Peer 1: 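Dropping a structure here in structure tokens format, bear with me for questions.
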Amino acid sequence: MQEKIIIIDGNSLINRAFYGLPPLTTKDGIYTNAVYGFVNMLYKIYEDYRPQYISVAFDRKAPTFRHVEYEAYKAGRKRMPEELGQQLPILKELLDVMNIHRMEIDGFEADDLIGTLVRYCEEKNLESLVVTGDRDALQLASDKTRILITKKGMTDLEIYTPDSIIERYEVTPSQFIDLKGLMGDPSDNIPGVPGVGEKTAIKLLKQFGSIEKMIQNTKEIQNQKLREKIESNIEQAIFSKRLATIKTDVPIELSLEALKRESPNQEKLMEVFRRLEFHSFIQKMKTNEETTELDTDMTKIQTIENLEDVSDMAEAIERAAHCYIKIFGTGENVRNRKIVGISILIDDGHSYYLEFEKIGQSLDVLKAIFENENILKSGHNIKNEILLLQKYGISLTGVDFDTSIAVYLLEPTRTSYEIHEIYNTYLGKNMNSEETLIGKGKNRITFLDIDRDMLVKYGHQVCTAVKELKKILAVELENLELKKLFQEVEIPLIKVLADMEYEGFRVDHQMLSSLGKELNGKIEQLVSEIYDMAGEQFNINSTKQLGDILFEKLKLPAIKKTKTGYSTNIEVLEKLSKKHPIIAKIIEYRQYVKLKSTYIDGLIDVINEKTKKIHSSFNQTVTATGRISSTEPNLQNIPIRLELGREIRKVFIPTDDNYLLLDADYSQIELRVLAHISQDPGLMEAFEKEQDVHTMTASKVFDVPFDQVTSQQRSSAKAVNFGIVYGISDFGLAENLGITKKEAQKYIDEYFDKYRGVKSYMNQAVEEGKKNGYVTTILNRRRYIPELLSSNYNIRSFGERTAMNTPIQGSAADIIKVAMLRVYDELKRRNLRSKLILQVHDELIVEIHQEEIEEVKQIVKKEMEEAIQLTVPLKVDIHLGKSWYDTK
DNA sequence: TCTGTCACG
DNA sequence: ACGTACGTGACAGAC
């Protein structure tokens, strides 16, 4: 069999990985994205190519012979950013642990080492694959050596053979050097022949074959000017060619023995992966092993199928006074979901699986356990359990711990809180994902269709994971002083959110349909008008096609570009609106289509047939700041700003005639929070005296008396206040107000001069973030901001704005969460029929019973305003109406 | 699956 | 010299 070797340009590949991936860091803020990308790529190539030998070459910092010969070589190259630099030693350590050969020598670049190794391997009759992001390596291609070039994003690969090089570039591998000698290379500062570009160089090489032959026959060059250029740059061309030539005779000792692929040091590799928090690789290693630690012993799990067994289990749970639960349901809408099975684990090791279909007659026994507040329950994403039980009239009580929420408080910026992910992270295990059981996307099946033994095992694994995680997470929460927030806010809030989901928001299906028909008529009309004006039919929804029509066909000026083409967003369109009547039509079309697709069709799709309501999901572990998010549908972005869209709110109505809707919103909660945190006297005064805060800001920033502020000035000041909350920048404010950066800076300076306390808060927030690595909110919610330490201006600036904004947005989130708990509890305590049904960041929507109007209005106002005592008052405005639209 | 756009606070 | 406002989710089209 033909033996193979992979030769990797380490510097080039880690570079590609670094710029191709988002700035991943460990919890401690160590950058790991480039190493991660590198290892990913390594595994992929390894698996595809299965080589017997491997080596990775690196550049050294020391000057190479090229620098010695030519001082300007690679001059002007940017230094490697610190975030990447610190990853190099990590990568090298990792390669050593993996027992992968690596080479680096003072005075030579990785390319030269690769060139030398390639020729050596050709002699030894090995087939080589050179892996690099640098096209210079194409000169090394031969019938035994292929070159794999990684393009952007790392997943895009191109493999070159001599033939494909000729096909693509019209030169042979060895002519590649001549090509560069002629064209030069600005990135390496190689001069080449001035005025000769790729086209000319290729033509010349086709004619002569090489630079040397061309020099001997310059008189054959037809083009007079070109000939002169070349004749006066002969030395430079030869010199450039030499710089571009990869050396193949570096004095380095090579032996096949050293290059041989060996198996990695498993233990150490695992340790490094753990340190770097590369959980997917850990999982990969483990699944490659023959047995897994989690292979559950079925004999330890008792399957329960009759009343007697349920009672025995109930007794055991009662004695333990604590259990871990995982309930499997069918994957439908909240109100249609059914329970398939229930896994329960007790600390003494007893593990049960209840076959739900067979214990239907034992629900009372279960209910007694689940509703007993003295029996504590722990789980993962336990809102799911609450909702499933709710359907059977069981109200899960005594919720003690939710591992997903615990991890959310510890790491609010994680992308996944799936149980297997966090179990594997925190305990270095190799649990499989739920996805491996039921698949994803169109292949997804329900737990009903799964082999029962698999469910039994998986349920036991989840409960075990929760049990083990709880021990660790509880300590961590305690250490970071997050226990109070966890126990007193987030855990009780689960039930509130579950109830909101279960209750749902009634909508008028008919009204939605007729609104849809109306919109359809308008859309059809607009489409034909747009086609007429464009002179052809095209897909108006396609930004690409629209861009072609507007900027190519109609020759309108392109104002902004995106990375894929012309920008056609609303700002651009508004600027073009006077240039062509089609623009206004497109703006109108967009508005209607948005309403139709997202808010008419989208909402109709999710109306529950039985309840005639929309049951959105409220997620507690999504946002980085502590806010709640709403999905399927998102009820937190129903239109309001424009009248046309606002009409949608007319379809949101109370359950029946006995109810009205109450909408209670905090007035200026974020600015009040800012006043509280910063203790700025001016800002505090505005709220203490209940003055209009934007007018006040205008009066200060524009230096006019309060009662002489124009509406124009007030509106500018409002933008300034928004900017302050977002972590202001002159550019952002300028963009928003359509003024120059300089003017914007003037506003900002003026603002900070008048609100010194706010200014010092901003500085303090950034300082604190840099010092601690995180910032906090009023309730000590925490967000890590590794971006603050970045050497990249943009990333660092983003970190600074985050440090300023998160305590404000996050504290506001804390306040409304507490308010939700208080309102919910008070309505319960008084046995009222009114119910909290929605939260939209600074507003609560309550379905209010006709007989409870005054009482509930008072409760909501009081509990919201007194949720958390700040040094400025909180103010809540309340509106009632027969639809959400009417609560204004 | 990613990108652009646009709806909300 | 750099190129941004903070936090979300849904939809359609391009790839």
Side-chain angles (χ1 to χ4, degrees), chain A residues 78 153 155-156 412-413 440-441 538-547 560-573 586-587 590-603 605-606 616-619 622-642 644-646 648-649 665-666 668-670 674 719-737 741 744 748 783 785 787 791-810 812-813 816 838-843:
Chain A
K78 277 193 183 163
T155 42
D156 240 6
T413 50
K440 63 170 179 177
F538 65 102
N539 188 341
I540 312 169
N541 296 329
S542 159
T543 44
K544 194 163 170 277
Q545 294 179 35
L546 180 62
K560 218 171 83 183
K561 283 207 160 186
T562 65
K563 48 184 159 177
T564 52
Y566 300 111
S567 172
T568 64
N569 69 19
I570 187 70
E571 280 162 54
V572 172
L573 294 182
I586 289 166
I587 293 175
R590 283 245 176 105
Q591 216 182 352
Y592 286 118
V593 164
K594 177 87 181 181
L595 287 177
K596 179 72 166 55
S597 64
T598 304
Y599 299 106
I600 303 284
D601 299 343
L603 289 180
D605 276 350
V606 291
S616 172
S617 297
F618 297 104
N619 202 315
V622 168
T623 71
T625 53
R627 279 185 174 180
I628 283 164
S629 93
S630 156
T631 52
E632 254 184 305
N634 181 355
L635 288 186
Q636 292 178 324
N637 72 347
I638 303 300
I640 189 168
R641 292 175 189 168
L642 300 173
L644 180 66
R646 196 173 194 155
I648 297 282
R649 294 186 172 222
D665 71 300
Y666 280 111
Q668 304 297 350
I669 188 166
E670 293 192 335
L674 175 60
V720 172
N721 280 330
F722 267 103
I724 292 292
V725 169
Y726 293 159
I728 201 149
S729 73
D730 53 2
F731 183 92
L733 184 63
E735 192 85 329
N736 194 289
L737 283 176
K741 256 169 53 172
I748 296 168
R783 175 173 179 182
I785 312 180
E787 291 90 348
S791 63
N792 177 314
Y793 176 87
N794 286 324
I795 296 173
R796 194 173 58 250
S797 300
F798 168 72
E800 289 167 359
R801 294 193 296 271
T802 305
M804 298 185 246
N805 171 266
T806 295
I808 302 173
Q809 192 184 120
I816 196 160
L838 182 60
Q839 184 251 49
V840 192
H841 310 311
D842 65 353
E843 116 187 76

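Bear in mind that the values here come from a model prediction, so they are computed numbers and not experimental data. Every chain is numbered from 1 and lettered A, B, ... according to where its sequence line falls, protein lines coming before strand lines.
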Peer 1: Counting any heavy atom closer than 4.0 Å, what does A:Arg796 reach on the DNA or RNA strands: base, sugar-phosphate only, or nothing?
Peer 2: nothing
Peer 1: What is the distance, to the nearest angstrom, from the NZ atom on A:Lys741 to the C1' atom on C:dG3?
Peer 2: 8 Å
Peer 1: Touch check for A:Ile728, heavy atoms < 4.0 angstrom, all strands: base, sugar-phosphate only, or nothing?
Peer 2: base
Peer 1: Assign A:Asp601 to base, sugar-phosphate, or nothing according to its heavy-atom contacts below 4.0 angstrom with the strands shown.
Peer 2: nothing
Peer 1: Could you state the atom-to-atom distance from CD1 of A:Ile570 to C1' of B:dC6 in whole Å?
Peer 2: 9 Å
Peer 1: What contact category does A:Val725 fall into here, base, sugar-phosphate, or nothing, at under 4.0 angstrom with non-hydrogen atoms?
Peer 2: nothing
Peer 1: Rounded to whole angstrom units, what separation is found between the CZ atom of A:Phe538 and the P atom of C:dG13?
Peer 2: 12 Å
Peer 1: Check for me whether A:Lys560 meets the cation-pi criterion with A:Tyr566, that is, NZ or CZ under 6.0 Å from the six-membered ring centre and within 45 degrees of the ring axis.
Peer 2: no
Peer 1: Check whether any side-chain N or O of A:Arg590 sits under 4.0 Å from OP1 or OP2 of B:dC6, and answer yes or no.
Peer 2: yes
Peer 1: How would you label the contact of A:Glu632 with the nucleic acid (heavy atoms, under 4.0 Å): base, sugar-phosphate, or nothing?
Peer 2: sugar-phosphate
Peer 1: Please pick, from C:dA5, B:dT5, C:dT8, the nucleotide with the shortest atom-to-atom distance to any side-chain atom of A:Ser729.
Peer 2: C:dA5
Peer 1: With respect to the phosphate group of C:dA5, does any side-chain polar atom (N or O) of A:Asn805 fall under 4.0 Å of OP1 or OP2?
Peer 2: no
Peer 1: Ignoring backbone atoms, test whether A:Thr598 places a side-chain nitrogen or oxygen under 4.0 Å from the OP1 or OP2 oxygen of B:dC6.
Peer 2: no
Peer 1: Just call it for A:Thr631: base, sugar-phosphate, or nothing, with non-hydrogen atoms closer than 4.0 Å on any strand.
Peer 2: sugar-phosphate
Peer 1: On the nucleotide C:dG9, are OP1 or OP2 found under 4.0 Å from the side-chain N or O atoms that A:Ser629 carries?
Peer 2: yes
Peer 1: Considering only side-chain heavy atoms of A:Glu843, which listed nucleotide, B:dG9, C:dT4, C:dA5, is closest?
Peer 2: B:dG9
Peer 1: Would you indicate which nucleotide in B:dG9, C:dG7, C:dG13 comes nearest to any side-chain atom of A:Thr802?
Peer 2: C:dG7
Peer 1: Would you find more than 12 non-hydrogen atoms of other residues, nucleotides or ligands less than 6.0 Å from A:Glu632 atom CD?
Peer 2: no
Peer 1: Would you say A:Phe538 has more than 12 foreign heavy atoms packed within less than 6.0 Å of its CZ?
Peer 2: yes
Peer 1: Using a heavy-atom cut-off of under 4.0 Å over every strand shown, decide if A:Lys561 touches base, sugar-phosphate, or nothing.
Peer 2: nothing
Peer 1: So for A:Gln809 and C:dC6, does any side-chain atom that can act as donor or acceptor lie under 3.5 Å from a complementary atom in the base?
Peer 2: yes
Peer 1: How many Å lie between CD on A:Gln591 and P on B:dA7, as a whole number?
Peer 2: 7 Å
Peer 1: Measuring only between side-chain heavy atoms, which start at C-beta, is A:His841 closer than 4.5 Å to A:Ile816?
Peer 2: no
Peer 1: Determine the Euclidean distance between corresponding C1' atoms of C:dG3 and B:dC8; express it in Å to zero decimal places.
Peer 2: 26 Å
Peer 1: Look at all strands and tell whether A:Leu595 reaches a base, only sugar-phosphate, or nothing, counting heavy atoms closer than 4.0 Å.
Peer 2: nothing
Peer 1: Using a 4.0 Å heavy-atom cut-off, does A:Asn637 contact any base of the nucleic acid, only the sugar-phosphate backbone, or nothing at all?
Peer 2: base
Peer 1: Is any side-chain nitrogen or oxygen of A:Thr806 closer than 4.0 Å to OP1 or OP2 of C:dC6?
Peer 2: no
Peer 1: Please check: side-chain N/O of A:Glu787 versus main-chain N/O of A:Ser797, any donor-acceptor pairing under 3.5 Å?
Peer 2: no
Peer 1: Quick one: which of C:dC11, B:dT5, C:dC15 gets closest to the side chain of A:Lys544?
Peer 2: C:dC15
Peer 1: Please determine if a side-chain N or O atom of A:Thr625 lies less than 4.0 Å away from the OP1 or OP2 oxygen of C:dG7.
Peer 2: no
Peer 1: Under the 3.5 angstrom rule, does the side chain of A:Arg649 hit a backbone N or O of A:Ile638 as a donor-acceptor pair?
Peer 2: yes
Peer 1: Have a look at A:Arg783 and tell me which of A:Thr806, A:Thr413, A:Thr623 forms a side chain to side chain donor-acceptor pair (under 3.5 Å) with it.
Peer 2: A:Thr806
Peer 1: Using a 4.5 Å cut-off on heavy atoms from C-beta on, say whether the side chain of A:Tyr592 contacts that of A:Ile600.
Peer 2: no
Peer 1: How long is the line joining CD1 of A:Ile748 and P of C:dA5, in whole Å?
Peer 2: 14 Å
Peer 1: Measure from CZ on A:Arg641 to C1' on B:dC8 and round the result to the nearest Å.
Peer 2: 6 Å
Peer 1: Out of C:dG3, C:dG7, B:dG4, which nucleotide sits closest to the side chain of A:Asn794?
Peer 2: C:dG3
Peer 1: Grab the stems for DNA chain C, please: at least three consecutive Watson-Crick or wobble pairs, both distances below 3.5 Å, written as range with range.
Peer 2: B:1-9 with C:6-14
Peer 1: Judged by atom type as modelled, is there a donor-acceptor pair below 3.5 Å linking the side chain of A:Ser630 to the main-chain atoms of A:Leu635?
Peer 2: yes
Peer 1: What does A:Gly602 touch in the nucleic acid at a heavy-atom separation under 4.0 angstrom: a base, only the sugar-phosphate, or nothing?
Peer 2: sugar-phosphate
Peer 1: Below 4.0 angstrom from OP1 or OP2 of B:dT5, is there any side-chain N or O of A:Ser567?
Peer 2: yes
Peer 1: Pick base, sugar-phosphate or nothing for A:Ala744, based on heavy-atom distances below 4.0 Å to the nucleic acid.
Peer 2: nothing
Peer 1: When you compare B:dG4 with C:dA5, how far apart are their P atoms, in angstrom units rounded to a whole number?
Peer 2: 13 Å
Peer 1: Round to a whole Å and report the spacing from CD of A:Gln545 to P of B:dG4.
Peer 2: 16 Å
Peer 1: Distance check, P atoms only: C:dT4 and B:dT3, in whole angstrom units.
Peer 2: 15 Å
Peer 1: For A:Thr631, is there any backbone N or O sitting under 3.5 Å from a side-chain donor or acceptor partner on A:Ser616?
Peer 2: yes
Peer 1: Indicate, with a heavy-atom threshold strictly under 4.0 Å, whether A:Ser630 touches base, sugar-phosphate, or nothing.
Peer 2: sugar-phosphate
Peer 1: Quick check: do A:Ile728 and A:Ile724 have side-chain heavy atoms less than 4.5 Å from each other?
Peer 2: yes
Peer 1: Between C:dT4 and A:Arg801, counting only base atoms on the nucleotide and side-chain atoms on the residue, is there a donor-acceptor pair under 3.5 Å?
Peer 2: yes
Peer 1: Does any N or O donor sit under 3.5 Å from an N or O acceptor when you compare the side chain of A:Asn541 with the base of C:dA12?
Peer 2: no
Peer 1: Determine the contact category for A:Ala624: base if any of its heavy atoms lies under 4.0 Å from a base atom, sugar-phosphate if only primed atoms, P, OP1 or OP2 are that close, otherwise nothing.
Peer 2: sugar-phosphate
Peer 1: Has A:Tyr726 got its ring stacked on the base of C:dC6, with centres under 5.5 Å and planes less than 30° apart?
Peer 2: yes
Peer 1: How many whole angstroms separate atom CD1 of A:Ile669 from atom P of C:dC6?
Peer 2: 21 Å
Peer 1: Can you identify which nucleotide, out of C:dT4, B:dT3, B:dT5, has its nearest atom closest to the A:Lys594 side chain?
Peer 2: B:dT5
Peer 1: Considering every strand and a 4.0 Å limit on heavy-atom distances, what is the contact class for A:Val593: base, sugar-phosphate, or nothing?
Peer 2: nothing
Peer 1: Measure from the side-chain heavy atoms of A:Pro639 and tell me the nearest of C:dT8, C:dC2, B:dC8.
Peer 2: B:dC8
